[in-house]
Amino acid sequence: MLKVLHLLKTAVGASWALRQTTELVKLGVEVHLALPDGPMVARYKAAGVVVHIFDPSIVLSQPWKNISKTKQLRRLVDEIKPDIIHSHFVATTLLMRLALRSHEIPRIFHVPGPLHLEHWGFRRAELASANRDDYWLASCLWTKNAYQTYGINAERVGLAYYGVNENDFSFKPANDENLRAQLDLPQDTFLIAMVAYFYAPKAYLGQKRGLKGHEDLIDAIAIVRQHHPNVKCVFVGGPWAGADNYFTQVQGYAQQHAPDSCVFLGLRNDVPTLYPQFDLAVHPSHSENVGGAVESMYAGVATLTSNVGGFPDLVEDGVTGYMAPAKAPELLAKKIIQAIEQPQQRKKLVASASIRVANIMNVQHNAKQITDFYQQVLSQRTKRTVSSQQRNRNA
């Protein structure tokens with residue numbers, strides 16, 4: 001039985017990791033998981049995952065803490081003796097590489113998104129920390145191509161999406177869950193939605209607006225309302241990691257630039273039943289993997305995204321959805337107006353989108369992509385070992 005140690009930095013949310021490890025267990029992989037304690041731990045255990053409570057992420061703000069962390073990770077690896085180590089975050093990958101440079105165990109960084117690759121310093125630090133025992137699993141085509149562009153051999157870079165279960169987003173709202181009625185809106189209101197956490201801009205990355213593009217959508221709504229005043233935009237989600245001030249700032253920005261056009265619902269636990277009530281879902285991120293486009297496409301909602309990261313893997317403009325350049329509110333507004341004014345096309349795009357997303361984001365298929373890459377990595381290791389032995393004999 002193949003034994004794999006997964007590294008996660010959180011036990012709150014990250015349901016994609018639960019889906020992935022659950023399917024790997026079903027495929028016969030002995031899955032071990034190191035992560036901090038939290039509400040998801042019980043669910044991993046119920047899925048047959050062997051859980052080890054330990055935060056395997058590097059601490060950049062207090063580097064002295066990494067001494068004990070590296071020792072603890074080495075002890076855990078020596079105890080489990082995994083065939084492969086599978087990390088899911090930059091922070092866990094850096095600690096993994098720091099702790100295990102002397103361990104000849106293949107290590108996979110399953111890249112959750114392209115953000116660190118888009119910034120020279122972070123990209124260089126991540127690539128410089130790797131050695132011949134390191135491999136990469138991209139979760140979108142942009143990321144896979146980027147690593148090859150930056151000099152990583154194609155055989156060391158695979159592709160496996162973080163799959164989503166279709167039935168998680170195929171709910172129909174009950175009669176008493178009518179969002180338009182709750183918001184006191186006419187039933188013919190064209191309802192636009194953005195479902196995303198609010199990430200405050202990071203000055204050290206040169207960001208002036210939030211990563212998810214909330215302000216861009218507000219600017220676009222202000223333009224759209226000049227042509228279609230019966231439009232309303234609903235923002236679902238709350239501040240991430242203490243970004244409360246930013247959350248408040250965005251609400252103020254909306255009232256200033258698109259007055260009475262935006263509604264902020266905050267955090268909700270009924271997103272699957274909200275989605276079918278939207279006429280258009282907009283994902284205007286500045287950097288993204290495949291993001292929330294998966295959810296809106298599964299929910300049967302017309303989807304508009306920016307042209308970044310993994311969005312093009314799912315959204316093909318005019319075929320499976322709408323696409324506009326990132327950080328371009330005027331062009332975003334044009335696509336929203338197109339969706340409003342061409343309802344028949346919107347329906348056709350939804351039908352095509354449901355086929356595309358089901359093919360690409362199938363959880364079982366994604367798990368098979370991962371196990372195939374495991375075997376590819378181990379096969380490369382075997383060939384390398386045989387080649388090394390032959391050279392030694394010939395020496």
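Please read these numbers as outputs of a predicted model, since none were measured by experiment. We use all heavy atoms of the structure for the numbers below, so side chains are in, but hydrogens, waters and symmetry mates are not.
- Classified by interplanar angle (parallel below 30°, tilted 30° to 60°, perpendicular above 60°), the ring pair F122/H119 is perpendicular.
- Between the side chain of T303 and the backbone N or O of V301, at least one donor-acceptor pair lies under 3.5 Å.
- Taking the charged nitrogens against the carboxylate oxygens, R381 and D133 do have a contact shorter than 4.0 Å, which makes a salt bridge.
- Between N66 and V59 the shortest heavy-atom distance is OD1-N, 2.8 Å.
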Dump the intermediate steps for salt bridge (charged side-chain N to carboxylate O under 4.0 Å, His left out) on K69 and D55, then the final yes or no. CA-CA 8 Å; K69 282 198 164 199; D55 182 357; 3.7 Å; yes

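- Contact check for Y147 versus L127: side-chain heavy atoms found under the 4.5 Å cut-off.
- One finds the CG atom of N230 at 9.0 Å from the CZ atom of F190 (value rounded to the nearest 0.5 Å).
- Rounding to the nearest 0.5 angstrom, the gap separating the CD atom in Q249 from the CZ atom in F198 is 12.0 Å.
- Closest heavy-atom contact between V350 and A302: CG2-N, 3.4 Å.
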Report the C-alpha distance between I84 and L5 in whole Å, list the side-chain angles of each, state the deciding distance to 0.1 Å, and finish with yes or no for side-chain contact (heavy atoms from CB on, under 4.5 Å). CA-CA 6 Å; I84 290 174; L5 171 61; over 6 Å; no

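- Looking only at distances, a side-chain donor or acceptor of R97 sits under 3.5 Å from a matching main-chain atom of E126.
- Looking only at atom types and distance, the side chain of H228 has a donor-acceptor partner in the side chain of E341 under 3.5 Å away.
- The shortest distance between side-chain heavy atoms of Q376 and Q380 falls below 4.5 Å.
- In the model, N366 has a side-chain atom that pairs as donor or acceptor with a side-chain atom of Q369 under 3.5 Å.
- Residues Y298 and V282 do not share a hydrophobic cluster, defined by chaining ILVMFWY side chains whose heavy atoms lie under 4.5 Å apart.
- L267 and L183 fall into different hydrophobic clusters, where Ile, Leu, Val, Met, Phe, Trp and Tyr side chains are chained together by heavy-atom contacts under 4.5 Å.
- The pair D216-R209 meets the salt-bridge criterion, since a charged nitrogen lies less than 4.0 angstrom from a carboxylate oxygen.
- Between T22 and V49, every side-chain heavy-atom pair lies at or beyond the 4.5 Å cut-off.
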Trace of the side-chain contact (heavy atoms from CB on, under 4.5 Å) decision for F89 with H110: CA-CA 7 Å; F89 295 93; H110 201 158; over 6 Å; no

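- At most 12 non-hydrogen atoms from other residues, nucleotides or ligands lie less than 6.0 angstrom from CZ of R124.
- Cluster membership for L95 and I80, using ILVMFWY side-chain heavy atoms within less than 4.5 angstrom, is shared.
- Rounded to the nearest 0.5 Å, atoms OG1 (T320) and CG (L349) are 7.5 Å apart.
- The backbone N or O of L274 lies less than 3.5 Å from no partner atom in the side chain of R268, so there is not a single donor-acceptor pair.
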Under the salt bridge (charged side-chain N to carboxylate O under 4.0 Å, His left out) criterion, do D188 and R180 qualify, and how do the steps go? CA-CA 9 Å; D188 64 349; R180 287 173 176 81; over 6 Å; no

Audit row: I108, S87, side-chain contact (heavy atoms from CB on, under 4.5 Å) steps and yes/no: CA-CA 6 Å; I108 295 172; S87 170; over 6 Å; no

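- Qualifying side-chain hydrogen bond (donor to acceptor under 3.5 Å, both in side chains) partners for K334, counting only residues two or more places apart in sequence or in other chains: none.
- The side-chain heavy atoms of L33 and V50, taken from C-beta on, include no pair separated by under 4.5 Å.
- Side-chain contact check for C262 versus F235: some heavy-atom pair is nearer than 4.5 Å.
- The existence of a salt bridge linking D317 and K335 is confirmed by a sub-4.0 Å separation between a basic side-chain nitrogen and an acidic carboxylate oxygen.
- The residues K208 and E215 are annotated as not salt-bridged, no charged nitrogen and carboxylate oxygen being separated by less than 4.0 angstrom.
- No side-chain donor-acceptor contact under 3.5 Å links E23 to the backbone of A367.
- Put simply, the side chain of K65 never gets that close to the backbone of Q62: no donor and acceptor are under 3.5 Å apart.
- By the 30° and 60° cut-offs, the orientation of the rings of H6 relative to Y374 is perpendicular.
- Judged by the 6.0 Å and 45° rule, R123 forms a cation-pi pair with Y150.
- Within the 3.5 Å criterion, the main-chain N or O of G210 finds a donor-acceptor partner in the side chain of Y246.
- Other residues, nucleotides and ligands place more than 12 heavy atoms under 6.0 Å from the OH atom of Y253.
- Hydrophobic clustering (ILVMFWY, side-chain heavy atoms < 4.5 Å, transitive): M297 and L141 are in one cluster.
- Heavy atoms from other residues, nucleotides or ligands lying under 6.0 Å from CG of N245 number 12 at most.
- For E316 (side chain) and P312 (main-chain N/O), no donor-acceptor pair under 3.5 Å exists by modelled atom type.
- Salt-bridge formation is not detected for the pair D134/R156: no Lys NZ or Arg NE/NH1/NH2 atom is positioned less than 4.0 Å from an Asp or Glu carboxylate oxygen.
- Side chain of S306 to backbone of S285: a donor-acceptor contact under 3.5 angstrom is found.
- For the pair D372/Q375, no side-chain contact is recorded, criterion being any heavy-atom separation below 4.5 Å from C-beta on.
- Under the 3.5 Å distance criterion, the side-chain polar atoms of R225 are matched with a main-chain donor or acceptor of P229.
- Side-chain contact of Q345 with K348: a donor-acceptor pair under 3.5 Å is absent, judged by distance alone.
- I370 is listed as a side-chain neighbour of Q20, based on a closest heavy-atom distance under 4.5 Å.
- The pair K212-E288 meets the salt-bridge criterion, since a charged nitrogen lies less than 4.0 angstrom from a carboxylate oxygen.
- Side-chain atoms of H88 and W16, non-hydrogen and from C-beta on, do get closer than 4.5 Å to each other.
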CA sep, side-chain torsions, deciding dist, call: R346, Q342, side-chain contact (heavy atoms from CB on, under 4.5 Å): CA-CA 6 Å; R346 201 168 69 241; Q342 300 181 22; over 6 Å; no

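- Between the side chain of T189 and the backbone N or O of L185 there is no donor-acceptor pair closer than 3.5 Å.
- Shown are H52, E79, K3, H86; of these, the side-chain hydrogen bond (donor to acceptor under 3.5 Å, both in side chains) with H32 is made only by H52.
- Using bins of under 30°, 30° to 60° and over 60° for the plane-to-plane angle, the ring pair F109/H116 lands in the tilted bin.
- Between the side chains of Q187 and N178, at least one donor-acceptor pair of N or O atoms lies under 3.5 Å.
- Taking hydrophobic clusters as Ile, Leu, Val, Met, Phe, Trp and Tyr residues chained together by side-chain heavy-atom distances below 4.5 Å, V12 does not share a cluster with V90.
- Aromatic rings of H365 and Y161 (six-membered ring for Trp) have centroids beyond the 6.0 Å cut-off, not under it.
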